[in-house]
Amino acid sequence: LVASMEEVQETYIMVKPDGLQRGLVGEIISRFEKKGFKLTGLKLFQCPKQLAEEHYKDLKAKPFFPKLIEYITSGPVVCMAWEGVGVVASARKLIGVTNPLQAEPGTIRGDLAVQTGRNVVHGSDSPENGKREIALWFTEDEICQWTPAQAPWLR
Ligand code: RTP
């Protein structure tokens, strides 16, 4: 566990359609930037149904699956790739638990959302899924490697 917390990882973060409609894109990006993670991919994107189904394939048997697909494809999303030490678990902490009413104040969902079915943001749940989801939502040339000026203090 300690080793994985120190490992440079990548995670897929997505502002869901409600986050975009409510004008929360800047606020959400800002939280990951201020934490000290590095943005390596960013785009506004209308998700096709097929991609939504592939992204959420593990939830296919859930009763809420059709509503979830409808939600995610209801308008554009903001796709992001973020890189950093322990970024996968840390991003999930910054986001808060799935049900926004149970998410702690100070988290994105705890501060900005009410309903599970409108919980404004997605974050990968493991380093493996981080890689899988970035490959699913981005082409290789949409990911940029760069060195932040403050890198020595953050990495
Ligand atoms: P995400 O993948 O979006 O980061 O969410 P998560 O890990 O916190 O939650 P997960 O269980 O993977 O569910 C994915 C998304 O499906 C919607 N959901 N609706 N009972 C319901 O109506 C229900 N449960 C889950 C949420 O939008 C959740 O984020």
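As the structure lists them, so they are numbered: ligands from 1, and atoms in each ligand from 1. Side chains are part of it too, since the values below use all heavy atoms of this structure and drop only hydrogens, waters and symmetry mates.
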Novice: Heavy atom under 4.0 Å from ligand 1: found in Arg109's side chain, backbone, both, or neither?
Specialist: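 Within the 4.0 Å criterion, Arg109 contacts ligand 1 through side-chain atoms alone.
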Novice: Against heavy atoms of Gly123, which atoms of ligand 1 measure under 4.0 Å?
Specialist: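 By the 4.0 Å cutoff, the relevant atoms are 4 (O).
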Novice: In terms of atom number and element, which parts of ligand 1 are under 4.0 angstrom from non-hydrogen atoms of Tyr56?
Specialist: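 Answer for ligand 1: 2 (O), 3 (O), 14 (C).
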Novice: Is a donor on one side and an acceptor on the other found under 3.5 Å between the side chain of Arg109 and the backbone of Val121?
Specialist: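 Flag set: sc Arg109 to bb Val121 pair under 3.5 Å.
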Novice: Go through ligand 1 atom by atom and flag the ones less than 4.0 Å from a non-hydrogen atom of Lys16.
Specialist: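 Going through ligand 1 atom by atom, the ones under 4.0 Å from Lys16 are 3 (O), 27 (O), 28 (C), 29 (O).
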Novice: Report yes or no: is the cationic atom of Lys67 (NZ for Lys, CZ for Arg) under 6.0 Å from the centre of the six-membered ring of Phe64, at an angle within 45° of the ring normal?
Specialist: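 So Lys67 doesn't make the cation-pi contact.
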Novice: Got the closest protein heavy atom to atom 20 (N) of ligand 1, with its distance?
Specialist: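 Here the closest protein heavy atom is Phe64 CD2, 3.6 Å.
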Novice: If we set the cut-off at 4.0 Å for heavy atoms, which region of Thr116 has an atom near ligand 1: side chain, backbone, both, or neither?
Specialist: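 Both backbone and side chain.
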Novice: Just let me know how Lys67 lines up against ligand 1, side chain, backbone, both or neither, with a heavy-atom cut-off below 4.0 Å.
Specialist: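 None of Lys67 does.
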Novice: Could you please spell out the steps behind the salt bridge (Lys or Arg N to Asp or Glu O under 4.0 Å) verdict for Lys57 and Glu53?
Specialist: CA-CA 6 Å; Lys57 67 176 182 206; Glu53 287 173 347; over 6 Å; no
Novice: Of all the atoms in ligand 1, which lie at a distance below 4.0 Å from a heavy atom belonging to Leu59?
Specialist: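 Under 4.0 Å from Leu59, ligand 1 has these atoms: 12 (O), 13 (O), 14 (C).
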Novice: What do you reckon, does His122 have a nitrogen or oxygen under 3.5 Å from a nitrogen or oxygen of ligand 1?
Specialist: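 Yes, there is a polar N/O contact under 3.5 Å.
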Novice: What is the ring orientation for His122 with Tyr12, classed by angle as parallel under 30°, tilted 30 to 60°, or perpendicular over 60°?
Specialist: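 Plane angle between 30° and 60°, so tilted.
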Novice: Taking Trp137 for its side chain and Leu51 for its backbone only, find out whether a donor-acceptor pair lies under 3.5 Å.
Specialist: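 Between the backbone of Leu51 and the side chain of Trp137 there is no qualifying donor-acceptor contact (under 3.5 Å).
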Novice: Could you tell me if Asp18 and Tyr71 have a donor-acceptor pair between their side chains, going purely by distance under 3.5 Å?
Specialist: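 Note: Tyr71 and Asp18 side chains meet the donor-acceptor criterion.
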Novice: Quick one: look at Leu68 and ligand 1, take heavy-atom pairs under 4.0 Å, and tell me if it's side chain, backbone, both or neither.
Specialist: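 Under 4.0 Å from ligand 1, Leu68 contributes side-chain atoms alone.
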Novice: Would you say the ring centers of Phe37 and Trp82 fall short of 6.0 Å from each other?
Specialist: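 Centroid distance Phe37-Trp82: not below 6.0 Å, so no.
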Novice: Any donor and acceptor pair, going by atom type alone, linking the side chain of Asn119 with main-chain N or O of Thr98 inside 3.5 Å?
Specialist: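 Between the backbone of Thr98 and the side chain of Asn119 there is a qualifying donor-acceptor contact (under 3.5 Å).
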Novice: Under 4.0 Å, heavy atoms only, figure out whether ligand 1 is touched by the backbone of Arg92, its side chain, both or neither.
Specialist: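 Side chain only.
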Novice: Give the residue, atom name and distance (to 0.1 Å) of the protein heavy atom nearest atom 6 (P) of ligand 1.
Specialist: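 Its nearest protein heavy-atom neighbour is Thr98 OG1, 3.5 Å.
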Novice: Could you tell me whether Ile95 approaches ligand 1 through its side chain, its backbone, both or neither, with non-hydrogen atoms closer than 4.0 Å?
Specialist: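 The answer is neither.
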Novice: Carefully, step by step, assess Glu83 and Gln145 under the rule side-chain contact (heavy atoms from CB on, under 4.5 Å).
Specialist: CA-CA 10 Å; Glu83 187 185 285; Gln145 286 308 331; 3.4 Å; yes
Novice: Could you list the atoms of ligand 1 found under 4.0 angstrom from a heavy atom of Asn119?
Specialist: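 So the answer, numbered in order with elements, is 26 (C), 27 (O), 28 (C), 29 (O).
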